[in-house]
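Report on one structure; see the data block that follows.
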Amino acid sequence: MSEDKQIFYCSELADIQLQLSEIFTDELKELKLFELFQNIEMPLLKVLGKMELEGINLDVKMLQKFSGELEDEIKELEQKIFSISGEEFNIASPKQMGEILFDKMQISEKAKRTKSGQYSTSEETLSNLKGDHPIIDLILEYRGLQKLLSTYVNALPLLIDENSGKIHTTFNQSVAATGRLSSVNPNLQNIPIRTEKGKKMRESFIPRNDDFEILAADYSQIELRIMAALSKDESMLKAFNNGEDIHSATAAKVYKVEEKDVTREMRSHAKMVNFGIIYGISAFGLSQRLGIKRKEAAEIIENYFIEFPNVKEYMDKNILKARENEFVETILGRRRYLKEINSRNGMMRSFAERNAINAPIQGSAADIIKKAMIDVQQEIENQNLESRMLLQVHDELVFDMKKSEKEILMKIVKEKMEQTIKLDVPLVVDMGMGENWLLAH
DNA sequence: GTAATCACG
DNA sequence: ACGTACGTGATTACA
């Protein structure tokens, strides 16, 4: 965003606020939604504008080298895939890929198909066929590298602003139905981190100069903590208040063992269950994720609800409330309307019911981090710091931190993020710093 | 323009 | 009986 645009945008904003104050009736002003608008969304708009204008520095030299390496690897993989399949084709075309794999090579009898009747060649489908043919690994590898190259490594350097020399995203405040932000042009909320080569992409996000470093601060398990607080479930509250590992604690309960006897598999399953809880769990969904029978998944869920009865109660209560009002609410009164909640179509109704469970949790997490962002920015300005807030990634804030301000900035960020909204569970923020975004984790 | 795929929380 | 985990955005192929 240019300087002119920013000035225009701020005066425009003041104007809008003035006009709105005349439009809003006293009755409207008493609504909780109005408070959310006045106290969170409008102040946040200015904070986001500053983050967008600030931009983030990218190590272009490093990315150019990385790009060359990736291209070489991709060419090599391409040749291997062609020689195995005995034919040159467009690997990026799911249609051609499906025909080669399932018609020509017949690597599986029961090929899965997508909604439109095409062969499915998704990561999930191919991963299930992994052992069946060596070409599968090559394809997955090829796809991963191609994605990294075209979406990130080659694309981002082209978006560097010639005036600032930095990358400037745009944060959408009114796109996500739950109240989350979204980031576009480019999306800086989905920069790779899970794979080795993906991590390399994160390394390219660097501070503005040698006097600065990257600070990353992220909430630990914020959605589960919100679930504990909103449901007031005693076991869950206790686990968080005692600083326990929540997935291990869940595993111990669900599998009825001592916490010290929880195996890695049990913990990993419990982690999936906890995710499921936040998403509005179903036996089918859980069985897919865990690779177990639906009946087994149903038993795990049943056990979960026996151990965490208030969670079940909270979920039911939200669905009932949704049926009555056709909306659900977050802790700051943000609404998600769910008109399908009373639909006669079972699928649509189930979808709305999962939303009724998920939206207050995901949305409350958004409320909390948004309020923290306003507080942190205010404090940065009050204290005239040179450090800057750069990015928000749902449960994480990223800063360009002046090294000499390390102590004060870290104190502000931790304090504001953890204390801005008080719940019956502690909110815990982990922080890291380093000479790039990867090292800050 | 839509579908498929895959990157993140 | 039926098909499902929640929320996003970018790229590519293809009608």
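In the text below, chain A, chain B and the rest are named by the order of the sequence lines, each starting its count at 1. Remember, predicted model here, so these are calculated numbers, not experimental data.
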What nucleotide, of C/dT12, C/dG7, C/dG9, holds the atom closest to the side chain of A/Ser150? C/dT12
In whole Å, what is the span from the CZ atom of A/Phe171 to the P atom of B/dG9? 14 Å
Need one value for A/Arg194: base, sugar-phosphate or nothing, where a base atom within 4.0 Å counts as base even if backbone is also close, heavy atoms only. base
Name the nucleic acid region contacted by A/Arg113, choosing base, sugar-phosphate or nothing; use a 4.0 angstrom heavy-atom cut-off, strictly under. nothing
Proximity to the side chain of A/Pro192 - top-ranked nucleotide from C/dT8, C/dG7, B/dC8: B/dC8
With respect to the side chain of A/Tyr279, which nucleotide from C/dA15, C/dC6, C/dT8 is positioned closest? C/dC6
Taking any heavy-atom pair under 4.0 Å as a contact, classify A/Ala177: base, sugar-phosphate, or nothing. sugar-phosphate
Base, sugar-phosphate, or nothing: which does A/Glu123 touch, judged by heavy atoms less than 4.0 Å apart? sugar-phosphate
Write down the distance between CD (A/Gln189) and P (C/dC6), rounded to a whole number of angstrom. 20 Å
Please report the distance separating the P of B/dA7 from the corresponding atom of C/dC2, rounded so that it comes out in whole Å. 33 Å
Figure out the CG/P separation between A/Leu145 and B/dT5, and round it to whole Å. 18 Å
Could you check which of B/dG9, C/dA5, C/dG3 has an atom nearest any side-chain atom of A/Arg289? C/dA5
Measure the distance from CG on A/Leu188 to P on C/dA10 and round it to the nearest whole Å. 10 Å
Is it true that A/Lys238 and A/Glu307 have a side-chain N and a carboxylate O under 4.0 angstrom from each other? no
Under a plain distance cut-off of 3.5 Å, with no hydrogens placed, do A/Asp103 and A/Tyr119 share a side-chain donor-acceptor pair? yes
With the side chain of A/Gln362 defined as its heavy atoms from C-beta on, choose the nearest nucleotide among B/dA4, C/dC6, C/dG9. C/dC6
Do A/Lys200 and A/Glu196 sit within salt-bridge range, that is, some charged N less than 4.0 Å from a carboxylate O? no
Whole Å only: how far is the CD atom of A/Gln118 from the P atom of C/dT12? 18 Å
Mind checking A/Gly346 for me? I need base, sugar-phosphate or nothing, with any heavy atom below 4.0 Å counting as a touch. nothing
Of the nucleotides B/dT5, C/dG3, C/dG7, which has the atom closest to the A/Arg294 side chain? C/dG3
Which one, B/dT5, C/dC14, B/dG9, comes nearest to the side chain of A/Ser120? B/dT5
If the threshold is 4.0 Å, N to carboxylate O, is there a salt bridge linking A/Glu123 and A/Lys147? no
Candidate nucleotides B/dA7, C/dG7, C/dC6, ranked by approach to the side chain of A/Asn190 - the nearest: B/dA7
Using heavy-atom distances to pick each residue's nearest nucleotide on DNA chain C, tell me which of A/Met347 and A/His394 is more 5'. A/Met347
Base C/dT4 paired with A/Arg354 side chain (donor-acceptor, <3.5 Å): yes
Should A/Arg334 and A/Glu41 count as an ion pair when the cut-off is N to O under 4.0 Å? yes
Looking at A/Asn355, does any N or O in its side chain come under 4.0 Å of the phosphate oxygens OP1/OP2 on C/dA5? no
Which nucleotide wins on minimum distance to the side chain of A/Lys95, given the candidates B/dT5, B/dG9, C/dA15? C/dA15
For the P atoms, the ones on C/dG3 and on B/dC8, what distance do you get once it is rounded to whole angstrom? 31 Å
To the nearest angstrom, how far is A/Leu181 atom CG from C/dT8 atom P? 12 Å
Under 4.0 Å, counting only non-hydrogen atoms across every strand here, what does A/Gln96 touch: a base, just sugar-phosphate, or nothing? sugar-phosphate
Identify the nucleotide, in any strand shown, that forms a Watson-Crick or G-U wobble pair with C/dT8, with both distances under 3.5 Å; if there is none, say none. B/dA7
hbond_proxy A/Ser182 side chain to C/dT8 base (donor-acceptor, 3.5 Å cutoff): no
Which part of the nucleic acid, if any, lies within contact of A/Ile191, taking any heavy atom under 4.0 Å across all strands shown: a base, the sugar-phosphate backbone alone, or nothing? sugar-phosphate
Pick base, sugar-phosphate or nothing for A/Ser282, based on heavy-atom distances below 4.0 Å to the nucleic acid. base
Presence of salt bridge, A/Glu415 and A/Lys411, under 4.0 angstrom: no
Whole angstrom value for the distance that separates C1' of C/dG7 from CG of A/Asn172: 13 Å
Is A/Asp316 salt-bridged to A/Lys312, going by a charged N under 4.0 Å from an acidic O? yes
May I ask you to evaluate whether A/Thr114 reaches the phosphate of B/dA4, defined as a side-chain N or O under 4.0 Å from OP1 or OP2? yes
What does A/Leu286 touch in the nucleic acid at a heavy-atom separation under 4.0 angstrom: a base, only the sugar-phosphate, or nothing? base
Using atom P of each nucleotide, how far apart are B/dT5 and C/dT4 to the nearest Å? 14 Å
Heavy atoms, side chains only, cut-off 4.5 Å: are A/Gln362 and A/Arg336 in contact? no
ring centroid sep under 5.5 Å plus plane angle under 30, A/Phe351 with C/dT4: no
Nearest to the side chain of A/Ser93 - C/dC14, C/dG9, B/dC6? C/dC14
